[in-house]
Protein chains: 2
Amino acid sequence: MDTPNRHLADTLRNLRRQRQWSLDAAAARTGVSKAMLGQIERGESSPTVATLWKIAGGFETSLSSLLVPTPPACSEPEVRRAADLRRSPAEGEMLVAPLFPFDERLGFEVFELTLPAGYVRRSAPHEPGVTEHVLVVAGCMAVCIGDRWHALAPSEAIRFAADQPHGYRNDGDSPAVFHNLIHYPRQWGRAD
Amino acid sequence: MDTPNRHLADTLRNLRRQRQWSLDAAAARTGVSKAMLGQIERGESSPTVATLWKIAGGFETSLSSLLVPTPPACSEPEVRRAADLRRSPAEGEMLVAPLFPFDERLGFEVFELTLPAGYVRRSAPHEPGVTEHVLVVAGCMAVCIGDRWHALAPSEAIRFAADQPHGYRNDGDSPAVFHNLIHYPRQWGRAD
DNA sequence: ATCAGTCGTGCGCTAAAACGCACAAGGGCC
DNA sequence: GGCCCTTGTGCGTTTTAGCGCACGACTGAT
């Protein structure tokens with residue numbers, strides 16, 4: 001399988017053309033011979049990590065951008081209407097409205113959560129490296145991280161590592177609403 | 001400079017140990033000889049992209065994770081209190097409260113924006129690949145993407161490519177509040 | 001003259017096999 | 001029982017051989 005070599009070939013050639021560098025110029029900047037660069041650009045050679053590192057350095061770019069295709073940003077605007085959001089909750093239960101599902105390119109997902117008055121929820125830890133954000137929209141609530149509760153008012157927010165037990169609690173008399181933004185550590189360039 | 005090889009060596013050995021695989025087992029799964037794997041783990045060899053691809057495949061992980069150190073997630077919870085948020089706006093001006101500044105590890109930043117009644121703002125395009133999210137907290141507003149306006153009510157949201165002219169408008173009589181989440185394309189493994 | 005591609009050579013990556021090491025299971029003996 | 005030696009097995013390392021990466025020099029084309 002030479003998928004990464006193919007992509008490497010294309011991006012490297014595009015990068016060089018884009019900057020109007022000759023093979024010699026690129027060789028001078030990267031410290032890699034022009035012959036090697038030419039072969040890589042044509043997909044005839046699979047460079048070692050060491051030379052790839054020199055190339056990335058000379059081009060002042062990242063290793064990853066040379067190896068894995070940078071996913072194109074979403075072109076069409078995506079709107080979430082109220083009609084899409086209202087998930088039927090059991091009475092007295094938490095209401096979960098997915099605003100934006102997980103997107104590989106962005107690395108996170110966003111929910112709108114509504115907690116009935118007095119509601120308490122504890123969540124199991126997520127995978128290691130997961131970061132959760134709570135942005136209070138309305139109501140008075142508290143977030144539990146580990147064993148400490150953090151009280152939050154509207155317009156306040158908290159960010160915490162979610163790979164530990166955590167929970168939410170509504171301290172007020174009216175429903176509490178908050179945006180829940182969960183970020184997962186990126187896994188780029190999966191091989192299968 | 002052998003920084004990536006050093007990191008590759010450590011992470012590869014850790015990964016294998018963590019899964020309790022012998023070199024033979026790893027060789028069977030990756031299709032790379034155990035001798036090669038041993039040398040790479042010991043930092044004695046700089047593998048080619050092709051073999052690195054096979055290794056990533058066998059370990060069911062990403063190329064990037066083998067090459068660049070995965071930044072640790074934030075360990076201490078970060079709270080944004082109301083006191084931190086209130087930026088003094090000129091009267092009749094837009095109020096910008098930074099909730100979470102840009103974080104290299106997460107790739108985005110979050111603001112809370114408040115638009116006075118009738119306020120209209122146009123923004124210049126961001127860099128290519130930037131994705132913007134508008135999550136309406138209160139009020140009736142509209143978002144302009146390119147030349148089209150999208151009306152939004154509370155609890156509604158929109159995601160769009162921000163590398164084009166865009167703008168916000170408050171359609172109601174009361175201030176409109178929304179969370180603004182801006183994602184920047186990641187650049188991993190810079191060589192310098 | 002400049003740029004891209006090719007040729008020949010050496011070194012390094014890569015795989016298969018052989019090696020050394022540690023540990024556990026037995027087997028014979030006192 | 002305790003003891004020593006052997007055998008076997010699994011693991012990581014080292015060796016051997018060759019294929020391919022990587023470079024400098026050359027050629028051709030515009």
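Source: prediction; values computed, not measured. Order of the sequence lines sets the chain letters (A, B, ...), proteins ahead of strands, with each chain counted from 1.
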Taking distance alone, no hydrogens or angles, what donor-acceptor pairs closer than 3.5 Å link side-chain atoms of residues 27-38 of chain A to residues at least two apart or in another chain?
{"from": "A:T30", "atom 1": "OG1", "to": "A:A26", "atom 2": "O", "distance (Å)": "2.8"}
{"from": "A:T30", "atom 1": "OG1", "to": "A:V32", "atom 2": "N", "distance (Å)": "3.2"}
{"from": "A:S33", "atom 1": "OG", "to": "A:M36", "atom 2": "N", "distance (Å)": "3.2"}
{"from": "A:K34", "atom 1": "NZ", "to": "A:D24", "atom 2": "OD2", "distance (Å)": "2.7"}

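- Atom P of nucleotide C:dT2 and atom CD of A:Q20 are separated by 17 Å, given to the nearest angstrom.
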* Structure fact -> Contact string for nucleotides 9-26 of chain D, one letter per nucleotide 5' to 3', B = base within protein heavy-atom range under 4.0 Å, S = sugar-phosphate only, - = neither, reads --SBBB------SBBB--
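- Salt bridge present: B:R16 and B:E41 bring a charged side-chain N and a carboxylate O closer than 4.0 Å.
- In this pair, A:H133 and B:F100 present their aromatic rings perpendicular. The plane angle is above 60°, beyond the 30 to 60° band.
- In this structure, A:F178 and A:Y168 have tilted ring planes: the angle between them lies in the 30° to 60° band.
- Here B:Y184 and B:F102 bring their ring centres to under 6.0 angstrom of each other.
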